[in-house]
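Atoms within a ligand are numbered from 1 in the order they appear, just like the ligands themselves. Both backbone and side-chain heavy atoms feed into the values below; hydrogens, waters and symmetry mates do not. This is a predicted model, so every value here is computed, not measured.
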Amino acid sequence: MGRKNCRKKEKIFLMTFTPEQLKTILLRIIDKKPNTKIELNFVRTKTAAELHIFQPANRLLLSEYQKLTKSKEIPQLPWLEKLLKKADIRSISGISVVTSLVKPYTCPGKCVYCPTEVRMPKSYIATEPAAARALRLDFSPYEQVKQRVEMLEKNGHATDKIEYIIKGGTWNAYPLKYQYWFILESFRACNDLSRRGKRRIPLLTEKNSLEELQDALEQEQRYNEHCKHRIIGLTLETRPDAITAKTIFHMRRQGCTRIELGLQAPDDKILDLIQRGHTVEQFEKAILLLRSAGFKVDLHFMPDLPGTTPDHDIEMYRLLFEKETLRPDMVKIYPNTVIKSAELYKWFQKGKYKPYGEKELFRALSEMKMITPRYCRISRLIRDIPETEIEAGNKITNLREALSAELKKIGKQCVCLRCREIGRQKENIDADTIPQLFIDEYKTIGGTEYFLSFEDANRVAVFGFLRLRIPTKRSPDLTPSEEEKKYRTQLSLLEKFLPENKDCAFIRELHVYGKVVQIGKREKKDSQHKGLGKQLVAAAEKLCKEKGFKKVSVISGVGVRGYYRKLGYRKIGTYMVKKLK
Ligand code: SF4
């Protein structure tokens, strides 16, 4: 079959839902009577997987429900209507997330568990929801972003603050021109959705020169600072051995604020066995460089890999927070699964690899949740791989909810940042709670991290937080550690690439939670725009002065530069910098 026909067939399979399929899902939801949107989404996902279709949007279910109630095939159910209309889950963290995928390309890695599909970027499966969308749109960054923003708007989400995540293999392995073009097109999509009148920035392709692409991107970024759909954060996925002072420089220029970095296991023997192609030390160097440039790091950890045990997984996870060289801001815990297109499938068939049972995995994950410190956010606990693609390994799709329920039964609770976000804890604190400022301090290689947060007195709910880094070598009363001395050359190089950060402390992240409050509007109930952000910045600046720093640098997303300008910061290079008085 020709490529074109094949695409066409996929399109029908992926995107069309028959009334019968929608009705089946609705009847299952009615039967299970979920109480929350999360529970509803779980039933929807599971039923869709059984029907071998992708999840229909709640908006489609709602319209089918309305037809069926009109024809009296199902009764009017106000609780169901309310759940289907409720549009606050995606934006519960205060931002709307938009994801796109890069085109298929080779990755320097040879990881045995990694799916390999020729039509997909390495590690992605065509049936994953975001991947399916990207494939359908021929991996066009413009269309992926545009259609996603439009869809979010249609479903009732505010889209003025966008956390943009670019997925697929190793970002830095792609040609530099492709990288700049991809991001240029993404910004153009957001800007075009709010642009009035003709655009003056010419349309460019990958064939244009690097300088032209970089200039055009700068122009689109400047436009984005004030437009309706602002990109307030940009996340890129890459490998530790791809992180150098130079790649960091380019990623900053592209507007990146957060890096997803695969470690998988802090154990060289396991890394060797699974053919990761890098060591733990290389990861440590990467995280030091990234933090020294103010980036946030989302570390990927994989339990149940070949060569480990549940107890060893727990110990390795503990190490992530004990070692000063690691201590990530966020973690994605992806229990290993066997996918047919991965090398690991052959190991599995030959009996060379056997995944844990559900019980063992559950025990290990529960322990991990209890180990996670307050400053770290478990951003994911499972990868979005359709059950039908998994040959062996975890198939529980609502792992996070199941774990929370299990911990609750034994009177325990995860204190990771995500679990304590105010949007998830509203029922557990008084409505008139006045947030208090807490400051947690922890050492990392090359600096001290301060996690400033506004929480209720019992630290059940977090209203907002700020990550401040005080670099060790800049503080007059502290000397560089042995470990830091090891990475001196790369750190000096980093200073040359990013001179704007000389003698600066870093605000690496500022986040005030609540349902997205549109820029310029105020909502009484939500914590965004209530001045908590300003107070956090003021507290951080005070701390910097106490530690002997006269300058603060913010790794600001393009869409929040204006916010920092109002607080006295100005753009120098790719950062927002303020001289403290
Ligand atoms: S580095 Fe990532 S994308 Fe590349 S092979 Fe390994 S898991 Fe797959």
| request: Look at ligand 1 and say whether E237 reaches it with a heavy atom at a distance under 4.0 Å. | output: no
| Identity and distance of the protein heavy atom lying nearest atom 2 (Fe) of ligand 1 | R276 NH1, 4.0 Å
| field | Lys/Arg N to Asp/Glu carboxylate O, E449 vs R467, below 4.0 Å | value | no
| field | Presence of salt bridge, E358 and K395, under 4.0 angstrom | value | no
| query | Are R239 and D241 ion-paired here, with the side-chain N under 4.0 Å from a carboxylate O? | reply | yes
| query | So which heavy atom in the protein is nearest atom 1 (S) of ligand 1, and how far is it from that ligand atom? | reply | R239 NH1, 3.3 Å
| Ion pair check, R377 and D329, cut-off under 4.0 Å | no
| note | In terms of its nearest heavy atom to atom 3 (S) of ligand 1, the top option of K110, H278, E343, K122 is K122
| So which heavy atom in the protein is nearest atom 8 (Fe) of ligand 1, and how far is it from that ligand atom? | C114 SG, 2.3 Å
| said: I need the atoms of ligand 1 closer than 4.0 Å to a non-hydrogen atom of S123, numbered in the order shown. | reply: 3 (S), 8 (Fe)
| message | Strictly under 2.8 Å, is atom 6 (Fe) of ligand 1 approached by any N, O or S atom of C111? | response | yes
| field | Closest to atom 4 (Fe) of ligand 1 (judged by heavy-atom distance), picking from C107, G109, A342 | value | C107
| query | Are any non-hydrogen side-chain atoms of H312 and M316 less than 4.5 angstrom apart? | reply | yes
| said: Can you tell whether the side chains of E163 and R258 come within less than 4.0 Å, N to carboxylate O? | reply: yes
